[in-house]
Amino acid sequence: MNAFSYVRARDARGIGFEAYLDYLSKFVSNFSAEPENVGRQFSWRASFATIDYLTCWRLQGSHGYSMKLCYAAETLHISRPIIGAIAIAGADESGQAFPGSIFTYLASGPYQISTRGIHARTTLRFERPQLQRALSTFDDRFSIHELTPLMLHHLTETATQSLYYSTQAVTSALLDENLQQRSPVAMALLSESLLLLVLEKLTSGKLQDPSEPTTRHLTRAVDYMHSNIHQPLTMSDVAATAGISVRTLQSIFQAHYGATPTAYLRRIRLEAAHLELTSPDNILPVHEVALKWGFTHMGRFAETYRKTYGLLPSQAANFQTRKGRPAPD
């Protein structure tokens, strides 16, 4: 299970391209950059956060530039244009992304990223250790070098929408310092879910059907989930304990429960949140209970809770209050 080490830089903004590069140099090494228009005043805004092997940037500029970078080891980048286009060129691959799409690219050497005019984007970067770990549990017959190095994903494609909104969720979570401190469960699930979605895309059509799992594998996985429900558990943890790949784990849960393992874990955590909210001994408000069990979006949590138990979580907590328990602040 992951023990995250969190670093968050304050939001920064300024005037001047050199000041912008100075800010980036605190978090990016081995790069050089040239502005699109040398004589124009460059205004910028930037945010940065990192958790171990996952880094997030949110960058905005008044006009474009070209940047050359070089990575010694494979890193997986997920870039989401918000305003303007992003052009990326590696040793053998190149492409361009616009708002409403996502770029995924593996960097293992020099590559160039370019923007034009007013632009804004977010970028997530998974370092090799986390990428390798996720890939080995996703399917241990696959290596990093076999992943599609550069891929454009359009939001008009149904299969891309989960990837797009997952990218948004992870970015928001990384830049929300409060969430990091209060819900490591949610952060672990968000980051791994995104990485597995990307791996599914980057290995599409390249993998054979998973080997036949047994009931013993499923039992191990389910028991491990229930025993560690309070931990920042990931599907990689579950698959490794069961002795199968994440891809096979997904297959057996779909076959036996008609749901993904992530959905199954979410269901038993909802049950845990329900038990805590309706316990006479609970002193936590609803939003704290939700965060504790990995639910970060209060609206979705309330709606899921209502559909499952027939009342809102606040109503469940108030019912206990009416039975004599003091109401939480």
Side-chain angles (χ1 to χ4, degrees), residues 1-4 6 162 165-166 169-170 172-173 176 178-194 196 215-242 246 249-250 252-329:
M1 284 168 284
N2 297 329
F4 289 126
Y6 180 65
S162 294
Y165 294 118
S166 183
V170 171
S172 298
D176 182 353
N178 195 39
L179 176 61
Q180 307 308 319
Q181 297 172 351
R182 294 165 65 191
S183 190
V185 170
M187 194 63 245
L189 287 175
L190 283 172
S191 59
E192 191 203 42
S193 295
L194 173 60
L196 293 179
T215 304
R216 176 171 52 87
H217 293 119
L218 180 63
T219 301
R220 282 181 182 175
V222 170
D223 288 348
Y224 187 71
M225 283 185 179
H226 282 275
S227 298
N228 296 276
I229 188 175
H230 59 294
Q231 300 286 354
L233 195 62
T234 68
M235 292 307 105
S236 297
D237 297 322
V238 178
T241 300
V246 170
L249 182 75
Q250 293 169 338
I252 61 174
F253 266 80
Q254 197 66 50
H256 285 78
Y257 296 109
T260 65
T262 300
Y264 180 89
L265 180 59
R266 189 182 303 116
R267 190 186 79 193
I268 63 175
R269 281 186 167 145
L270 182 66
E271 292 173 359
H274 171 66
L275 289 174
E276 184 161 354
L277 283 171
T278 56
S279 169
D281 298 323
N282 176 48
I283 60 172
L284 296 176
V286 171
H287 71 278
E288 290 289 351
V289 172
L291 280 175
K292 175 181 176 180
W293 294 107
F295 298 95
T296 60
H297 192 291
M298 294 302 107
R300 282 197 290 268
F301 170 70
E303 181 60 18
T304 302
Y305 190 97
R306 185 190 63 78
K307 288 181 178 179
T308 304
Y309 298 107
L311 72 168
L312 293 171
S314 57
Q315 294 172 321
N318 287 337
F319 177 74
Q320 289 300 325
T321 301
R322 290 195 299 270
K323 291 173 66 176
R325 176 177 57 83
D329 294 334

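Residues passing the side-chain contact (heavy atoms from CB on, under 4.5 Å) test with Thr262, sequence neighbours excluded: Ser193, Met235, Thr260, Arg266. Applying the salt bridge (Lys or Arg N to Asp or Glu O under 4.0 Å) test to Arg300 and every residue at least two apart in sequence or in another chain returns nothing.
Without hydrogens or angle criteria, Glu276 side chain to Val289 main chain gives no donor-acceptor distance under 3.5 Å. Listed for the Asp237 side chain is a donor-acceptor partner under 3.5 Å among the backbone atoms of Thr234.
Using cut-offs of 30° and 60° on the angle between ring planes, the pair Phe295 and Phe301 is tilted.
Atom OH of Tyr305 is separated from atom OG of Ser314 by 9.5 Å, given to the nearest 0.5 angstrom. Separation of atoms CG (Leu277) and CG (Leu312) is listed at 11.5 Å; rounding is to 0.5 Å. In this structure, CG on Leu265 lies 11.5 Å from CG on Leu270, to the nearest 0.5 angstrom. Rounding to the nearest 0.5 angstrom, the gap separating the CE atom in Met225 from the OG1 atom in Thr241 is 10.0 Å.
Using a 4.5 Å heavy-atom cutoff, the side chains of Val222 and Tyr257 are in contact. Between Glu271 and Tyr309, some side-chain heavy-atom pair lies under the 4.5 Å cut-off. Annotation: side chain of Met298 is not in contact with side chain of Pro313 (no heavy-atom distance under 4.5 Å).
The nearest pair of heavy atoms linking Val170 to Leu190 is CG2-O, 3.4 Å. Scanning all heavy atoms of the two residues, the minimum distance from Phe253 to Ala221 falls at CE1-CB, 3.9 Å. Nearest heavy atoms, Leu311 versus Ala316: CD1-N, 3.6 Å.
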